[in-house]
Amino acid sequence: MKKIPLSLCPMEKRVRVRFAPSPTGGLHMGGVRTALFNYLFAKRHGGDFILRIEDTDQTRFVEGAEEYIVAALKWCGIAPNEGVGFGDGPHKPYRQSERKELGIYQKYADQLILSGHAYYAFDTEEELETMRKKLEAAKVVAPQYNAVTRQNMRNSLTLPEDEVKKLLESGAKKVVRLKVPRNEEIRFEDIIRGWVVVNSSQVDDKVLLKSDGMPTYHLAHIVDDIEMKISHAVRGEEWLPSAPAHILIYRYLGLESEMPKLAHLPLILNPDGKGKISKRESRFPVFPLSWKDPREAEPFIGYKEAGYYPEAFVNILALLGWNPGNNQELFTVDEMAQIFDFERVNKSGAKFDPEKAKWFNQQYLRKKADQELADVFKPVLKEKGFERDNAFILEFCKLVKEKVQFVHEFWDQGKYVFIAPESYDEKVITKKWNEKSKETFGKVTEKFKSLNDWTIEAITKTFHDAEAETGKIDMQLLRVLTTGVAGGPQLFDMLALIGKDETIKRLDRALGKL
RNA sequence: GGCCCGUUCGUCUAGGGGUUAGGACGCGUCCCUUUCACGGACGAAACACGGGUUCGAUUCCCGUACGGGCUACCA
């Protein structure tokens, strides 16, 4: 019996999803994938994709992070249709710091206090620390502010009413905490994971409103998701443990029926080593674009700078956790958006494989028009000190493209076209060069010299003609004599590009040296 | 430590009560190729372990192990 995918059930709500990063640094590939899945889901259902900036922690704000997030989404081709950097919609503003001015967080917090589901806590940092130490000393395994410990703390539940009033009026530092029941089963259905059950004894009295008046993530995202009519909350697995608290908040607000459906994505893991992917892992980039963190001396290189095409980057990211259900691996974003569904998103974390990422890029590079590659290579060539006309560069790119995974490899693969060899691959020479070789290649050179029509066909024919006289000639030797190295692009094609005079010059020089 | 989530080739994954457990990357061999690639063929390579349930479990259930996440007035 196949059940109907939860995410496809007929819904009263229009699909509206959001990507809601905090501007605390560069957006890494894990975040990009979360954004991607949101984007794909929205497109699939003709819904809205919103970018909301969760900047409720002023102490962690990083200069440039927000702009980076916007730029990264644009580069990846998964631009939201509403939100910071992408145009206002009916639910502006889209920065929580600005939304705070609307008074909405306070309003919902007040509602919770009024209904007895939240309370004021006046404890100082030191008092909290003391509490934790005491609990640890008493061998309490998970020290937390909860139904038990709150009884010994300074809050509106334990303090006399008039004292609370006095504290409130005097503007004493306070937070608003969620009053989590002591022992109650909380269950919720995750689109990807199915039913998850947690006992409320495992949930602490989460701070809802901080002492600086800002909401925490827990309150803010719920208020915003409700206000912005979000239908599905799609986020990383790291949020799973706090989801029960969120369920409680919706419930106490009387909004459980309007709650977005939850989808917790599996994490992207480090290929070696352990844990979530991190920017310290230097073997491959973790950022889409290069990221210069104001707190770091060196910028982190991005996939773009590493030579990846955004199509390739997004493609491999999508396949980290999602599967189309057939053997297709190469997808455009639009193609994915036709078929994406959370039903086909895995539960388990995926290690990122840098090798396969390269292969993906190679696939996309091969699909590129030669002229497009030529346009990219032209300035590179100029930088190396060589100028050629477009037709020449076009031919060169055609020749080299099948051999590389990145455009930046064009130079290394084909620089022999432009630079005469200084030395000759020793392995090939010692193995294949003999007394007869000099005579043989002398003959080849002579024949080349008499050639008027320096084309691939003519070169090939001439080589064959020479062989008719001398017997089989080792082509790799010809390669080494003219380019210096054992491998490279199609030899005769390359010689055609190198030109008659230069080819002969190189042969004469090699013959003189060997 | 506690809680939550997870576990199919090295990696990404398909599959799912009875299959020769499929594909892709990478690796190896061969073919094509007078060079280099591409391409093609083939190969090595996986159901973490132990108990159930069942005629039959890799698939369902329970444990164990392992991995990951969370455990802040951070998100």
Side-chain angles (χ1 to χ4, degrees), chain A residues 20-24 54-57 59-60 121 123-125 128 132 136 139-145 173-177 190 192-193 196-199 201-204 206-218 220-221 235-244 264 266-267 269-272 274-276 316 319-330 344 346-360 362 366 399-404 413 428 460 463-464 467 472-480 482-483 485-494:
Chain A
S22 57
T24 53
E54 311 229 323
D55 56 349
T56 52
D57 187 351
T59 64
R60 293 215 307 159
D123 315 279
T124 63
E125 234 170 272
L128 289 171
R132 270 180 218 121
E136 267 165 43
K139 298 256 192 284
V140 173
V141 283
Q144 57 178 14
Y145 207 113
K173 279 219 164 196
K174 61 168 193 302
V175 299
V176 174
R177 280 182 186 271
D190 184 280
I192 293 169
R193 282 150 213 286
V196 178
V197 185
V198 182
N199 192 284
S201 63
Q202 302 303 324
V203 180
D204 65 340
K206 295 229 174 312
V207 170
L208 265 21
L209 237 36
K210 299 186 262 191
S211 57
D212 64 359
M214 277 287 191
T216 59
Y217 167 84
H218 304 293
H221 93 276
R235 70 225 306 192
E237 190 185 345
E238 69 266 28
W239 292 108
L240 205 48
S242 56
H264 288 96
L267 265 16
L269 274 14
N270 268 322
D272 40 45
K274 301 183 183 300
K276 283 198 283 189
I316 188 163
L319 260 20
L320 244 33
W322 172 74
N323 182 280
N326 55 32
N327 285 334
Q328 188 179 345
E329 292 203 279
L330 265 18
R344 300 207 64 90
N346 293 223
K347 298 176 177 73
S348 46
K351 286 186 187 140
F352 176 70
D353 182 358
E355 289 307 313
K356 189 148 189 182
K358 290 178 189 165
W359 176 83
F360 269 95
Q362 184 178 29
R366 280 192 200 151
L399 205 52
V400 181
K401 115 189 236 200
E402 295 299 320
K403 298 187 51 68
V404 301
Q413 273 298 324
V428 176
T460 309
F463 186 76
H464 288 328
E467 277 188 318
K472 191 170 181 294
I473 303 170
D474 193 294
M475 243 178 111
Q476 200 179 24
L477 265 181
L478 180 62
R479 177 182 285 281
V480 171
T482 49
T483 70
V485 291
Q490 282 286 353
L491 183 55
F492 292 146
D493 298 49
M494 198 156 51

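Proteins come first, then strands; the chains are lettered A, B, ... in the order of their sequence lines, and each starts at number 1. All figures in this text were calculated on a predicted structure; none of them were measured in a lab.
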Closest to side chain of [X], choosing from [options]:
| X | options | value |
| --- | --- | --- |
| A/D353 | B/A37, B/C25, B/C74 | B/C25 |
| A/W359 | B/G22, B/G26, B/G69 | B/G26 |
| A/E329 | B/C5, B/G23, B/C74 | B/G23 |
| A/Q490 | B/A75, B/A14, B/U35 | B/U35 |
| A/E402 | B/C70, B/C38, B/U35 | B/C38 |
| A/K356 | B/A24, B/G69, B/A14 | B/A24 |
| A/L240 | B/C3, B/C4, B/C73 | B/C4 |
| A/Q476 | B/A75, B/G26, B/C36 | B/C36 |
| A/A350 | B/U13, B/G68, B/A75 | B/U13 |
| A/V196 | B/U35, B/C4, B/G26 | B/C4 |

Minimum heavy-atom separation for A/Q328 to A/L330, with atom names?
->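 The answer is NE2-O, 2.8 Å.
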Which pair of non-hydrogen atoms, one from A/L208 and one from A/R177, has the smallest distance, and what is that distance?
->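 Scanning both residues completely, I find the closest heavy atoms to be CD2-C, 4.1 Å.
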Roughly how far apart are [X] [atom1] and [Y] [atom2], rounded to 0.5 Å?
| X | Y | atom1 | atom2 | result |
| --- | --- | --- | --- | --- |
| A/T460 | A/Q490 | OG1 | CD | 9.0 Å |
| A/E125 | A/S211 | CD | OG | 8.5 Å |
| A/N327 | A/E329 | CG | CD | 7.5 Å |

Along RNA chain B (nearest heavy atom to each residue), the more 5'-positioned of A/E238 and A/A357 =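 Residue closer to the 5' terminus by nearest nucleotide: A/A357.
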Residue mapping more 5' on RNA chain B - nearest nucleotide basis, A/A486 or A/N323 =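 Looking at RNA chain B, the more 5' nearest nucleotide goes with A/N323.
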When the distance from [atom1] of [X] to [atom2] of [N] is rounded to whole Å, what number comes out?
| X | N | atom1 | atom2 | result |
| --- | --- | --- | --- | --- |
| A/F463 | B/U33 | CZ | P | 16 Å |
| A/D204 | B/A72 | CG | P | 7 Å |
| A/R479 | B/U33 | CZ | P | 17 Å |
| A/I316 | B/U13 | CD1 | P | 10 Å |
| A/W322 | B/C12 | CH2 | C1' | 13 Å |
| A/L128 | B/C74 | CG | C1' | 15 Å |
| A/D57 | B/C74 | CG | P | 5 Å |
| A/K347 | B/C4 | NZ | P | 17 Å |

Under 4.0 Å between any heavy atoms, over every strand shown, what does A/T56 touch: base, sugar-phosphate, or nothing? Just pick one.
->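 Sugar-phosphate only.
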Mind checking A/G236 for me? I need base, sugar-phosphate or nothing, with any heavy atom below 4.0 Å counting as a touch.
->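 If one applies the 4.0 Å heavy-atom cut-off, A/G236 turns out to touch nothing in the nucleic acid.
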For [N], give the paired nucleotide (Watson-Crick: N1-N3 plus N6-O4 or O6-N4; G-U: N1-O2 and O6-N3; both under 3.5 Å), or none.
| N | answer |
| --- | --- |
| B/A37 | none |
| B/C55 | B/G18 |
| B/C70 | B/G2 |
| B/U64 | B/A48 |
| B/G26 | none |

If you measure from the [atom1] atom in [N] to the same atom in [M], how many Å do you get, rounded?
| N | M | atom1 | answer |
| --- | --- | --- | --- |
| B/U53 | B/C61 | C1' | 7 Å |
| B/U8 | B/C49 | P | 12 Å |
| B/A46 | B/A41 | P | 22 Å |
| B/C9 | B/G15 | P | 15 Å |
| B/A44 | B/A21 | P | 13 Å |
| B/C27 | B/G63 | P | 43 Å |
| B/C38 | B/G18 | C1' | 42 Å |
| B/A75 | B/U54 | C1' | 48 Å |

Please check the phosphate of [N] (OP1 and OP2 only) for any side-chain N or O of [X] closer than 4.0 Å.
| X | N | answer |
| --- | --- | --- |
| A/R235 | B/G69 | no |
| A/R366 | B/G39 | yes |
| A/R193 | B/G6 | no |
| A/K276 | B/C70 | yes |
| A/K351 | B/U11 | yes |
| A/S348 | B/G68 | no |
| A/K210 | B/C74 | yes |
| A/N346 | B/A14 | yes |

Does the side-chain contact (heavy atoms from CB on, under 4.5 Å) test come out yes or no for A/T216 and A/D57, once each step is laid out?
-> CA-CA 8 Å; A/T216 59; A/D57 187 351; over 6 Å; no
Would you kindly check whether a donor in the side chain of A/R60 faces an acceptor in the base of B/C74, or vice versa, at under 3.5 angstrom?
->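 Check passes, donor-acceptor contact within cut-off.
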Between [Y] and [X], is there a salt bridge with N-O shorter than 4.0 Å?
| X | Y | result |
| --- | --- | --- |
| A/D204 | A/K206 | yes |
| A/K356 | A/D353 | no |
| A/E237 | A/R193 | yes |

